Every structure is written in structure tokens, then in C-alpha cells.
Amino acid sequence: MSTPGMVVVRSPYSGEIVGEIPSCGPEQIDAVGASAVEGARWMAARPAHKRARLLEGAADAMERDIEELATILTNEVGKPLHEARREAERTALVFRWCAGETLRRTGEVLTMDALPMGEGRLGYTSAEPCGVVVAIAPFNYPAHLAAHKVGPALAAGNAVILKPSERTPLSALFIRDRLWQAGFPANTCQCVVGSGAVLGAPLCSDPRVRKISFTGSVEVGGAIAAVAGLKRLTCELGSNCALLVFDDADLDAAATSAVQSGFVNAGQVCTSTQRVLVDRSLRDDFVERLAGKIDELRVGDPAHAATTLGPVITEREADRVVSWIAEAAHAGATVLRGGDRMGQLVQPGLVLEPPREAKLWREELFGPAIAVRTFDGDDDALRNANDTRFGLSVGVYTSNLDRALRFARGLRSGTVHINSGPLWRTAFMPYGGYGDSGFGKEGVKYAMQEMSEQKLVVIHPTAASES
Ligand code: NAD
């Protein structure tokens, strides 16, 4: 039962209430926007060294309370505690990286005499804050992904309004509170908690907002684009990432990577391995290794130290994952592992040769199962890997440099990892997708660029200096 005016947060594992927060109504968005405009003025007047110090202070405050954030993440997302700790640490690290990037930001001096009309002139660019940024985050890495929006927005001298998923607002409030503790005024970083369907349109259509940074599903990305109007938009959307395993690969490393990247956070990662493409000659050996490693996963209470696979976010999602596996089986696939659930705990799945048309192969699963198909030769592998409307990240296991380079060039994907699974990200790398996986880049430096105005100054010679 939900309480009117409140967002009730429940543990995906036990169903217990782990938080209750007053929700923001659409009528409050106007005041939030006005306050953010004031906050943006305050931020724009802060020099880089002061912004950096504030961000360092926030990172320190988060690091001090890492265990608290980890517990929140286990409670609201249901991720195993050791994964939650890792997300908490990475969240603090992103803010620390933002502090450093604030000090590294530079402009460009143009070669003005590259054309005759520019001779005698000095031209340079400088980055200025863009004003108010709206950051909309999904449920699966609610702290780390919020950090990748809020941190760069503040580093670039903007005010930010964070809209977390209504399922996971507690970690967003943790972040906001640490930013406030570090000395950011309340109006520079606000958090609006409530239904995306209700708050999305007033928030995203507000003309005082200059930039929206969204991470979430393709459907919601489309809804935001439809109401945003004339403002900047970054969309980090879904995917069904592939892992390619060639006959010259380190098979055990590839199997370990497939299972790690396929089942972390119960497969609820935009870059998790979903489609494994393996050379036909290796299939049986490779699948046996995968099955062995999947059998080592421990499904259960995410608060227990031994658990490696927790629940998925809702019962509806658990049901969907199981039904997609059943659909693939019905269409001729062999289900080697999984296909069952107990409440929101979905058994890890391993499905062999689903037809290309099966949802499990074609759509984004966002759950704990991997599907394996074989290929015959490099052309077939490339064609199959690219046979998707998504393009976020791909992993390629090969020890042949020519092949690695060919696939690095030929794969249509925002990131290509050679000898790693697709799930690998650091604060400094450009990150974003092709096709339906979205547009625009995250990664602190790149996000800051997208959250800044680039001003060009040209100093022309005076008549006196020309004479
Ligand atoms: P979602 O799209 O349902 O929700 C994401 C956010 O959008 C939430 O805060 C939600 O409240 C809000 N929202 C919902 N309707 C809205 C509307 N009409 N206007 C504005 N905001 C609205 O996604 P989710 O279920 O929270 O997360 C899963 C999805 O996120 C998957 O598709 C996954 O691939 C994607 N994702 C992508 C990346 C990436 O970096 N590319 C990372 C993580 C997750």
C-alpha cells in the first residue's frame, strides 16, 4: 500500500519498508526551478578553486560514510553488500575526480591566421556554466550514475536538480546531504523525489532548464525528448551488449568475464553481457565453463556476505525475465541453467542458441541471464554482433592483434573492449552509445563539456594598431 504524498521505498529482497519520503508534486516544480536559477547564479560566481574545494569536501564526506551508503544501496536496490560497497566507493571517487577536472578545464587558442581574414587577430574559447541542469537517474546504480551527472554539473559551475528513480531515492538524498554538508547551498543541488511519469514533463519542459542529462530506458528517453523543447539533452539508454569469443581467446578468462559482467547487480546493468557469440568450434567447451562458473553464484539475501546474486528490482521484472527465457525455450533454445524464480530472486540463466528473433536475444533483458549463439568466421561474428538496434559496449576476446583491430573498427558501439567484458567503466573515459543506446557523452570531462557554454572571444586589431 502506498501512502498519498509519500514515496515508500521497499527492499526488493524482503519487501520491508526501508524508507518513506515526502514526494514532490508537479505544483512544486516551479519553485524548485526558481530556486535553481538563484543557485546557478551563486555557482557561476564561484571560481574554479572554490568549486574544486567544495567537491573535495563532498567526496570526503561520502568516504567517511561509505558503509552508510553501501547499506542504503543494498536496502533499496537489493545488490549484494560487496557490490554496494564498490558502488559507494566509486561514487565518492567520481566527486573527487570532478574536483580535479574543475582545475584542469581549459579553452582553446585558435590559429587565427589560418585564413587571410584572421591575420592579426587573437581568438580563444572559454567554457562558461550553462545554468540549470536537470539530472534524471535510473534505479540500478542510483548513486554512481547520479554522481556522473551531479558532479560534472557542479564542477562546470551550474546548479543541478536531481530526479532519482522513485524506487531508489535514498542514495540520492545521501549524496545531496553530503554536498550540503560540504558547503554547497541548498539551491545549488536539489533533489526532487516522486514519480517520473508525474514530474518528468514539468521538469523537462521548464524553459529555465538549459540541459537535461538522462540515464534510463529508451521509452522514457523518447518521452523526455518529446517535451524538452529547445534545450540540450544527453541520453544514456539501454543495450543488449555482446561478448565475442574467438578460437584464439583465453577461454577461461572469457568465461569468467562473461559471468562477472552478466550477473553483477543481477544483470541489471546497461553494459552487462547479454549476448555471447562464440566460435562454433569452442561452443561445448566454453558453455561448460560458463555453466561451472554460474553454478558458483550464491543467490539470496543481499545483506549476507556470501551472496553474489540478489533480487531484481520488482516482481514484475522477475516475471518478465523468466517469461523471456520461457519464450526462447518455446522457440527452440536450450535452457541449461535458470528459468525459475522465487519471488524476486531469479535463478541465473544460461540459454543456448535462442533464435535471433527471441526477445532474449533482440531486446534488452536487464536481468540475470546470458544467451549464447555460435558464429562461423569473422564476417559472421561481426554481422551478428552488429545485428542490434543498440550499441553501448562490446567485449572481444582474441589474442590476434589484426582481428582485434578489425573488430575495434567494425563494431558499431560507443565502447569496444578488447580482452574484457563490455562492463568496464572509469570516471575519465568518454561513455555513451550508438543507435538506440542514446547520444551525448558522459565521463567527467565530457559531461562537463556538455554542461557548459563554449564562448569564443576574438580580439581584432584597432585601426591604430594596424597603422
Ligand atoms: P526508467 O527509464 O524507467 O527510469 C529512469 C528515470 O526516469 C527514473 O528516475 C524515472 O523516475 C524517470 N522517469 C520515468 N518517466 C519519466 C518521464 N516521463 N519523464 C522524465 N523522467 C521520467 O529506467 P529504470 O528502470 O530506472 O532503469 C533501467 C533502464 O536504464 C534500462 O533501460 C537501462 O539500460 C538504462 N540504463 C542505462 C545506462 C547507460 O549508461 N546507458 C545506465 C544504467 C541504466
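Just so you know, these numbers use all the heavy atoms, side chains as well, and skip hydrogens, waters and symmetry mates. What you see is a predicted model; the values in this text were computed from it and never measured. Counting starts at 1 for both ligands and their atoms, following the listed order.
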Geometric N/O contact Ser239 with ligand 1, under 3.5 angstrom: no
Nitrogen or oxygen atoms of Phe139 and ligand 1 under 3.5 Å apart: yes
Does the Lys211 side chain pair with the main chain of Gly131, one donor and one acceptor, at a distance under 3.5 Å? no
Using a strict cut-off of less than 4.0 Å between a Lys/Arg side-chain nitrogen and an Asp/Glu carboxylate oxygen, indicate whether Arg320 and Glu317 qualify as a salt bridge. yes
Take every heavy atom of Tyr431, measure it against each atom of ligand 1, and state whether any distance is under 4.0 Å. yes
For Tyr446, which residues count as a ring pair (Phe, Tyr, Trp, His ring centres under 6.0 Å) partner, sequence neighbours excluded? none
Under 4.0 Å from any heavy atom of Pro164, which atoms of ligand 1 are there? 9 (O)
Determine, for Phe263 and Lys293, whether the Lys NZ or Arg CZ falls below 6.0 Å from the six-membered ring centre while staying within 45 degrees of the axis. no
Is the closest protein non-hydrogen atom to atom 1 (P) of ligand 1 under 4.0 Å? yes
Is the Lys NZ or Arg CZ of Arg167 less than 6.0 Å from the centre of Phe139's six-membered ring, within 45° of the axis? no
Between Glu442 and Thr234, is there a side-chain donor-acceptor contact under 3.5 Å, judged purely by atom types and distance? no
Regarding Arg178 and the six-membered ring of Phe174, is the cationic atom NZ or CZ under 6.0 Å from the ring centre and inside 45° of its axis? yes
Should the pair Phe428 and Trp97 be assigned to parallel (<30°), tilted (30 to 60°) or perpendicular (>60°) ring geometry? tilted
Check each heavy atom of Asn140 against ligand 1 and say whether those closer than 4.0 Å belong to the side chain, the backbone, both or neither. side chain
Any donor-acceptor pair under 3.5 Å linking the side-chain atoms of Thr374 with those of Glu353? yes
Please state which part of Ile224 comes within less than 4.0 Å of ligand 1, counting heavy atoms only: side chain, backbone, both or neither. side chain
Output the list of atoms in ligand 1 that are nearer than 4.0 Å to some heavy atom of Val220, sorted by atom number. 2 (O), 7 (O), 13 (N), 14 (C), 15 (N), 16 (C), 17 (C), 21 (N), 22 (C)
Which bit of Ala197 is near ligand 1, meaning a heavy atom under 4.0 Å away: side chain, backbone, both or neither? backbone
Going by the atom numbers of ligand 1, which of them fall below 4.0 Å from some non-hydrogen atom of Lys163? 9 (O), 10 (C), 11 (O)
Which part of Glu364 is near ligand 1, with near meaning a heavy atom under 4.0 Å away: side chain, backbone, both or neither? side chain
Can you tell which part of Leu237 has a heavy atom less than 4.0 Å from ligand 1: side chain, backbone, both or neither? backbone
Just to be sure I read this right, does ligand 1 sit under 4.0 Å from the backbone of Thr271, its side chain, both, or neither, counting only heavy atoms? neither
